[in-house]
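Protein chains get the first letters and strands the later ones, always in sequence-line order, with residue 1 at the start of each.
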Amino acid sequence: MRYWLMKSEPDEASIDHLAQAPQHTLPWTGVRNYQARNFMRDMMQVGDGVLFYHSSCPEPGIAGLAEVSSTAYPDPTQFDKKSTYYDAKSSQETPRWLLVDVVFKKKIPLIPLAALREHEELKDMRVLARGNRLSITPVTEAEWRFITKRLV
DNA sequence: GCCAACGTTGGC
DNA sequence: GCCAACGTTGGC
């Protein structure tokens, strides 16, 4: 059992989109970074906790709680020529990009990025590290507990 | 729109 | 294998 922070641009997939999706579930399409892919492929298990983070928007921050609900499987958008996530270098036989399904748990009052930075307990969070651009980062159990018990 | 930081590409 | 150039992310 692990914990993760997963970034999504709310224009594309917000916490509300997740809540309203069929089975309250969305496939986490579009990851095109090897480190993030490897987290999904090698580390994620069904039931892992997810902090759903809104990025590249007026109010970046944690917008809800979710859960990993599948193991990794090929991201279909890499094969779709019409998709912005299409990857000509990938093939059905050896898919380059994987994803997991994520299921909605709870919408929360937004915890802004600036608020996360105020807490000593969270100072080592990967997502807060200088220059971090990874769209999926591990969250420690202590960080998860602090956020879900104290900030939600 | 700016720009720091980082990942990827490709020439050598 | 190095590394400069380029592209992308994402907060501000």
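Taking the side chain to side chain contact (heavy atoms under 4.5 Å, CB included) definition, one finds that A/Arg117 meets it with A/Leu113, A/Leu128, sequence neighbours left out. Residues passing the side-chain hydrogen bond (donor to acceptor under 3.5 Å, both in side chains) test with A/Thr71: none are found, sequence neighbours excluded. For A/Glu59, there are no salt bridge (charged side-chain N to carboxylate O under 4.0 Å, His left out) partners at least two apart in sequence or on another chain. For A/Glu121, the side chain to side chain contact (heavy atoms under 4.5 Å, CB included) test picks out A/His119, A/Phe146, A/Arg150, with sequence neighbours left out. With sequence neighbours excluded, no residue forms a ring pair (Phe, Tyr, Trp, His ring centres under 6.0 Å) with A/Phe104.
Other residues sharing the hydrophobic cluster of A/Phe79, ordered by chain and number and joined by side-chain separations under 4.5 Å: none, the residue standing alone.
Contacts between residues 5-17 of chain A and DNA chain B, counted as heavy-atom distances below 4.0 Å, involve no residue at all.
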With a cut-off of 3.5 Å and sequence neighbours excluded, list every side-chain donor-acceptor pair involving residues 13-22 of chain A.
| residue | atom | partner | partner atom | Å |
| --- | --- | --- | --- | --- |
| A/Ser14 | OG | A/Asp16 | N | 3.2 |
| A/Ser14 | OG | A/His17 | N | 3.2 |
| A/Ser14 | OG | A/His17 | ND1 | 3.2 |
| A/Asp16 | OD1 | A/Lys107 | NZ | 3.0 |
| A/Asp16 | OD2 | A/Lys107 | NZ | 3.3 |
| A/His17 | ND1 | A/Ser14 | N | 2.9 |

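With a cutoff of under 4.0 Å to any heavy atom of chain A, the contacted region of DNA chain B is bounded 5' to 3' by B/dA5 to B/dT9.
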